[in-house]
Amino acid sequence: MSHYRSAGQAMQERFGTKVYKLSLDGGMTCPNRDGTLSSRGCIFCSDCGSGDFAAPHCDDLTQQLQDAKARVQRKVKDGKYIAYFQSYTNTYAPRSHLERLFREAMKPEEIVALSIATRPDCLPEDVMALLAELNRIKPVWVELGLQTIHPQTAHYIRRGYELPCFDDAVKRLKERGLEVIVHMILGLPGETWEEMLETARYIGRSGADGIKIQLLHVLEGTDLAQEYREGKVRELSLEEYCSLVEDCLRNLPPEMVIHRLTGDGPKRSLIAPAWSADKKRVLQTMNEAFARDNVKQGSLWKADPFADKH
Ligand code: SF4
């Protein structure tokens, strides 16, 4: 029995084969780092702009694609690929620059889709039009780093935009037929269990197609690391995290694609939680918990939260 609709399953159905992500670095920055909104970035963001597994930046994108493919092919032989622009804010550049980059990335036949991580406040109309145009050639997914719906947490993590900005971006992306994947973080300081579930439910109702559920990682060199050392950040245990993920899955729509359940903290700079470094063990513990607790994505899902009260 499948406990949730995994990205692997969804890709297999859609593309008829296994699909792997090639993490790329488009050489972008972020308005939350370059001084436009702030120069400090989100509190948890590492120097790599949340792209710790992206290929090292070089201007030659074809070379980056080849290098990323070679890394994947050390483990697997067959399959197709998604060109994944992961680091920083990948729509934060003039349209002409983005167009050159994205068209080059989607050119190889074995690239079946483009995935672009960005911020909802960095989607001007000309970029939206470009994405819609590219989406007619190959599927384009836009990943939005929401993390939380709660204003006090958004302020604490220095996200730099308000919730209506996210709502508007999802609406505009969906109107243009683009697929949307939303990131949320579990374990943000000060959030209760119920508040985290509220974020999951909100994403479920937002119109997004997929979600990435991530654990808050405390990484060396971030302001969060300082807060952690001052005892201001309580880390989740592996058991707590598994239970939280279970509750999120139950509260999400059954058809929503789950692109991630843990988050990939780079081991070299991971401070906490230490248990998250052993990804194999985390996934195994999670799968055992799902089976033990008979987890079923969508079992508590309500498209209309007020339906019972009508
Ligand atoms: S929006 Fe992304 S890249 Fe920018 S500071 Fe926040 S986490 Fe880092």
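Remember, it's 1-based here, ligands and their atoms both numbered in the order they're listed. Below, each value reflects all heavy atoms present in this structure, side chains not excepted, and no hydrogens, waters or symmetry copies.
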Checklist outcome for this item: Restricting to heavy atoms, the pick from Cys42, Ala117, Ser39 nearest atom 6 (Fe) of ligand 1 would be Cys42

Next on the checklist: Please classify the Arg159 to ligand 1 contact at 4.0 Å (heavy-atom distances, strictly less than): side chain, backbone, both or neither.
Outcome noted: neither

Heavy-atom contacts with [X] under 4.0 Å: which atoms of ligand 1 show up? List them by number with element.
X	result
Arg119	1 (S)
Gly41	5 (S)
Tyr88	3 (S)

Next on the checklist: If you count every heavy atom of other residues, nucleotides or ligands that lies below 6.0 Å from Lys296 atom NZ, does the total exceed 12?
Outcome noted: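 Count not over threshold, so no.
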
Checklist entry - Does any N, O or S atom in Cys30 come within less than 2.8 Å of atom 4 (Fe) of ligand 1? => result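 Looking at Cys30, which is the residue asked about, there is an N, O or S atom under 2.8 Å from atom 4 (Fe) of ligand 1.
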
Thinking salt bridges, do [X] and [Y] make one under a 4.0 Å N-O criterion?
X	Y	answer
Lys267	Glu220	no
Arg71	Asp67	no
Arg234	Glu191	no

Checklist entry - For Tyr241 and Glu246, does a side-chain donor sit closer than 3.5 Å to a side-chain acceptor? => result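 No, no side-chain donor-acceptor pair sits under 3.5 Å.
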
